[in-house]
Peer 1: 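A single structure is presented below for examination.
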Amino acid sequence: MNDRFDLAIWLESDELPHTDQSDDSGDSRASDTSGIQVHLNFWKLPKYKSLDIGINFPTITKGKICLFINTQESLHVADISKSFETSDIRNVVFNEFMTVNGCPEECMCWKTKQRSNPESVPFCICGIEKTIKTTEKYGGKLVHIELSNPGCKKYNCECHQEYIRLRLTGEAINSLYNQEQIPSSKLEYYTSKIEFLDFRLNNVRSLPTSFLQDIKSFPILNKVRCFLMLEASEELFLYNKSYKKVRAIEKDRWVSYLSELAPYKNDSQKAILAYQWNSDQDTPDFSLFTEIKVNSFSWKTFLLYLFFFVFIGLIPSLIASWLYAKL
């Protein structure tokens, strides 16, 4: 099993400017390759794990978005863009009020803009109309998402950016969080554990050589927003870069977006914290390393310890009884 989670995202279309030339550093991801914005939501709940990926990219008439996930575990990729047809989900996911107009709902496309910033660039949230294709290649999973929305183009909404959102689930995502032993205390080892996430996006140093030989360049990442969603009882105590902020999400508002949050909706004792990391400038890649301390107390462990200490406590009495019988 690979201890890292390596992910690559790029566009394929004859309409996009690109070059196969390396820059001064030898990096083949050329600086004039059309950029994209990526939003990542790692959901790490005790009984559910998923990764949501939002991709904001230049509008193209025909082409595809491609993903490579360096894993041999099972993987399911689903389009959840259509969930943004309701204003509640748009507002809670983008964490601000969004206006929608221009594109008719029957073509699965919604022209969206920040209400708080009149100068913001509008973008179309477009549902994926064709089947998402996942194949095994380069020792991992290769995902192709065909882009073609004739309804949106027919009504000429004049958007120059499109947005889609995907949800990744399966054993490939369940096994993201590798475990370490806690060497300081045996008792602590049996009642808690350390899990770490080592994530890399478009990092050429960690991707397979055979894959890089076929993929000449990746788009520049204009912006990356990465969120790690944890139960508040789990302690985030080590990370390779400081997070921008952390907040408790509004559980009741998020349920319509992620149904697995329903058990938390009316439970005031359990909060879900969202830790946020941002890229500060245009970058060719993005990485995140975190260590998380997770309480893993169980009644089985408790009873085992109780039996052990009771047995130890009985040993002197048993020895005394045996010596008394021998005298």
Peer 1: Could you tell me the separation between the CG atom of Leu238 and the CD1 atom of Ile292, rounded to the nearest 0.5 Å?
Peer 2: 10.5 Å
Peer 1: Would you mind checking if Lys265 and Asp252 are paired as a salt bridge, meaning a charged N to carboxylate O distance below 4.0 Å?
Peer 2: no
Peer 1: If you measure only the distance, is there a donor-acceptor pair under 3.5 Å linking the side chains of Asp88 and Thr86?
Peer 2: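 No pair is found: no donor N or O on one side chain lies under 3.5 Å from an acceptor on the other.
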Peer 1: Evaluate the criterion side chain to side chain contact (heavy atoms under 4.5 Å, CB included) for residue pair Asn41 and Met229; output intermediate values, then yes/no.
Peer 2: CA-CA 7 Å; Asn41 284 55; Met229 312 296 199; 3.2 Å; yes
Peer 1: Could you tell me whether the side chain of Ile69 reaches within less than 4.5 Å of the side chain of Leu168, counting heavy atoms only?
Peer 2: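 Contact flag for Leu168/Ile69 side chains = yes.
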Peer 1: Indicate the atoms forming the closest heavy-atom contact of Asn70 with Gly139, along with that distance.
Peer 2: OD1-O, 4.0 Å
Peer 1: Measure the CD-CG distance between Glu235 and Leu230 for me, rounded to the nearest 0.5 Å.
Peer 2: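 So the gap between those two atoms works out to 11.0 Å.
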Peer 1: With a 3.5 Å cut-off and no angle check, do the side chains of Gln161 and Asn56 form a donor-acceptor pair?
Peer 2: yes
Peer 1: Which heavy atom in Ile249 sits nearest to a heavy atom in Ala274, and how many Å separate them?
Peer 2: CG2-CB, 3.7 Å
Peer 1: Can you tell me how far the CD1 atom of Ile36 sits from the CG atom of Asn202, to the nearest 0.5 Å?
Peer 2: 6.5 Å
Peer 1: Given Lys47 and Glu260, is the side chain to side chain contact (heavy atoms under 4.5 Å, CB included) satisfied, shown in steps?
Peer 2: CA-CA 9 Å; Lys47 296 183 179 180; Glu260 283 75 12; over 6 Å; no
Peer 1: Should Ile132 and Val143 count as side-chain neighbours, where that means a heavy-atom distance under 4.5 Å?
Peer 2: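 Result yes, sub-4.5 Å side-chain heavy-atom pair found.
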Peer 1: Quick check: Phe211 with Trp10 (ring centres under 6.0 Å apart)?
Peer 2: yes
Peer 1: Quick check on Gln72: does its CD atom have over 12 non-hydrogen neighbours (other residues, nucleotides or ligands) under 6.0 Å away?
Peer 2: no
Peer 1: What class does the angle between the rings of Phe68 and Tyr138 fall in, given that below 30° is parallel, 30 to 60° is tilted and above 60° is perpendicular?
Peer 2: perpendicular
Peer 1: Angle class for the Phe94/Phe84 ring planes (parallel below 30°, perpendicular above 60°, tilted otherwise)?
Peer 2: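 Because their plane-to-plane angle lies in the 30° to 60° range, the rings of Phe94 and Phe84 count as tilted.
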Peer 1: Say whether, by atom type as modelled, one donor and one acceptor occur between the side chain of Asn240 and the main chain of Phe289 under 3.5 angstrom.
Peer 2: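 Answer holds: yes.
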Peer 1: With the side chain counted from C-beta on, respond yes when Leu228 and Thr290 share a heavy-atom pair under 4.5 Å apart, and no when they do not.
Peer 2: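 Yes - at least one pair of side-chain heavy atoms lies under 4.5 Å apart.
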Peer 1: Could you give the distance from CG (Leu176) to CG (Leu197), rounded to the nearest 0.5 Å?
Peer 2: 6.0 Å
Peer 1: Mind running salt bridge (charged side-chain N to carboxylate O under 4.0 Å, His left out) on Arg4 and Asp198 for me, showing each step along the way?
Peer 2: CA-CA 5 Å; Arg4 291 191 312 270; Asp198 189 355; 5.2 Å; no
Peer 1: Parallel, tilted or perpendicular: which fits the ring planes of Tyr163 and His39, with parallel below 30° and perpendicular above 60°?
Peer 2: tilted
Peer 1: Side-chain contact, heavy-atom cut-off 4.5 Å: Lys82 with Ile80?
Peer 2: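 No, too far: nothing below the 4.5 Å cut-off.
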Peer 1: Just do the ring-ring contact (aromatic ring centres under 6.0 Å, His included) check on Tyr177 and Phe196 with the steps written out, would you?
Peer 2: CA-CA 5 Å; Tyr177 308 93; Phe196 67 88; 9.6 Å; no
Peer 1: With a 4.0 Å cut-off, would you call Lys44 and Glu234 a salt bridge?
Peer 2: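 Counted as a salt bridge, because a side-chain N and a carboxylate O are separated by less than 4.0 Å.
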Peer 1: I'd like to know if the side chain of Thr169 and the backbone of Ser50 have a donor-acceptor N/O pair within less than 3.5 Å.
Peer 2: no
Peer 1: Does the side chain of Glu195 come within less than 4.5 Å of Glu291's, by heavy atoms?
Peer 2: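 Side chain of Glu291 against side chain of Glu195, heavy atoms only: no contact under 4.5 Å found.
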Peer 1: Which heavy atom of Ser175 sits nearest a heavy atom of Ala172, and at what distance?
Peer 2: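 Looking at all heavy atoms of both residues, the shortest contact is OG-O, 3.6 Å.
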Peer 1: If we ignore angles and hydrogens, is there a donor and acceptor under 3.5 Å between the side chains of Asn278 and Tyr243?
Peer 2: no
Peer 1: Is a donor from one side chain sitting under 3.5 angstrom from an acceptor on the other, for Tyr257 and Arg165?
Peer 2: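 Yes, because at least one side-chain N or O of Tyr257 sits under 3.5 Å from a partner of the opposite role on Arg165.
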Peer 1: Heavy-atom distance under 4.5 Å between the side chains of Phe218 and Pro284, does that happen here?
Peer 2: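 Phe218 vs Pro284: side chains apart.
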Peer 1: Quick one, Trp254 and Tyr264 - any side-chain contact, counting heavy atoms below 4.5 Å?
Peer 2: no
Peer 1: Donor-acceptor pair, Ser81 side chain versus Ile125 backbone, under 3.5 Å?
Peer 2: no
Peer 1: Nearest 0.5 Å, please: how far is OG in Ser83 from CZ in Arg90?
Peer 2: 10.0 Å
Peer 1: Restricting to non-hydrogen atoms, name the atom on Ser13 and the atom on Gly63 that form the minimum distance, rounded to 0.1 Å.
Peer 2: CB-CA, 4.1 Å
Peer 1: So which atom in Asp79 and which in Leu166 form the shortest heavy-atom distance, rounded to 0.1 Å?
Peer 2: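 Looks like CA-CD2, 4.2 Å.
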Peer 1: Go through it in stages, so that I can follow the logic: the residues are Ile145 and Cys66, the test is side chain to side chain contact (heavy atoms under 4.5 Å, CB included), and I'd like the CA-CA distance, side-chain angles, deciding distance and then a yes or no.
Peer 2: CA-CA 6 Å; Ile145 303 160; Cys66 304; over 6 Å; no
Peer 1: If we check side chain to side chain contact (heavy atoms under 4.5 Å, CB included) with Leu201, which of these qualifies: Leu221, Thr283, Asp6?
Peer 2: Leu221
Peer 1: For Leu288, run the side chain to side chain contact (heavy atoms under 4.5 Å, CB included) check against Trp277, Phe5, Tyr275 and tell me which one passes.
Peer 2: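 It is Trp277; the other options fail the test.
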Peer 1: Decide yes or no on side chain to side chain contact (heavy atoms under 4.5 Å, CB included) for Leu7 and Ile9, but give the supporting numbers first.
Peer 2: CA-CA 7 Å; Leu7 171 67; Ile9 300 175; 4.2 Å; yes
Peer 1: Centre of Phe42's six-membered ring, under 6.0 Å away, within 45 degrees of the axis: is that where NZ or CZ of Lys49 sits?
Peer 2: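 No, Lys49 does not sit over the ring of Phe42.
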Peer 1: Looking at Lys241, I want to see if its NZ is surrounded by more than 12 non-hydrogen atoms of other residues, nucleotides or ligands under 6.0 Å.
Peer 2: yes
Peer 1: Is a donor on one side and an acceptor on the other found under 3.5 Å between the side chain of Lys141 and the backbone of Glu73?
Peer 2: yes
Peer 1: Heavy-atom distance under 4.5 Å between the side chains of Glu231 and Ile272, does that happen here?
Peer 2: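 They are in side-chain contact.
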Peer 1: Can you name the closest pair of heavy atoms from Gly35 and Pro219 and give their distance?
Peer 2: CA-CB, 4.3 Å
Peer 1: Can you tell me how far apart CG (Leu147) and CD1 (Ile164) are? Round to the nearest 0.5 Å.
Peer 2: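 Reported to 0.5 Å precision, the distance equals 6.0 Å.
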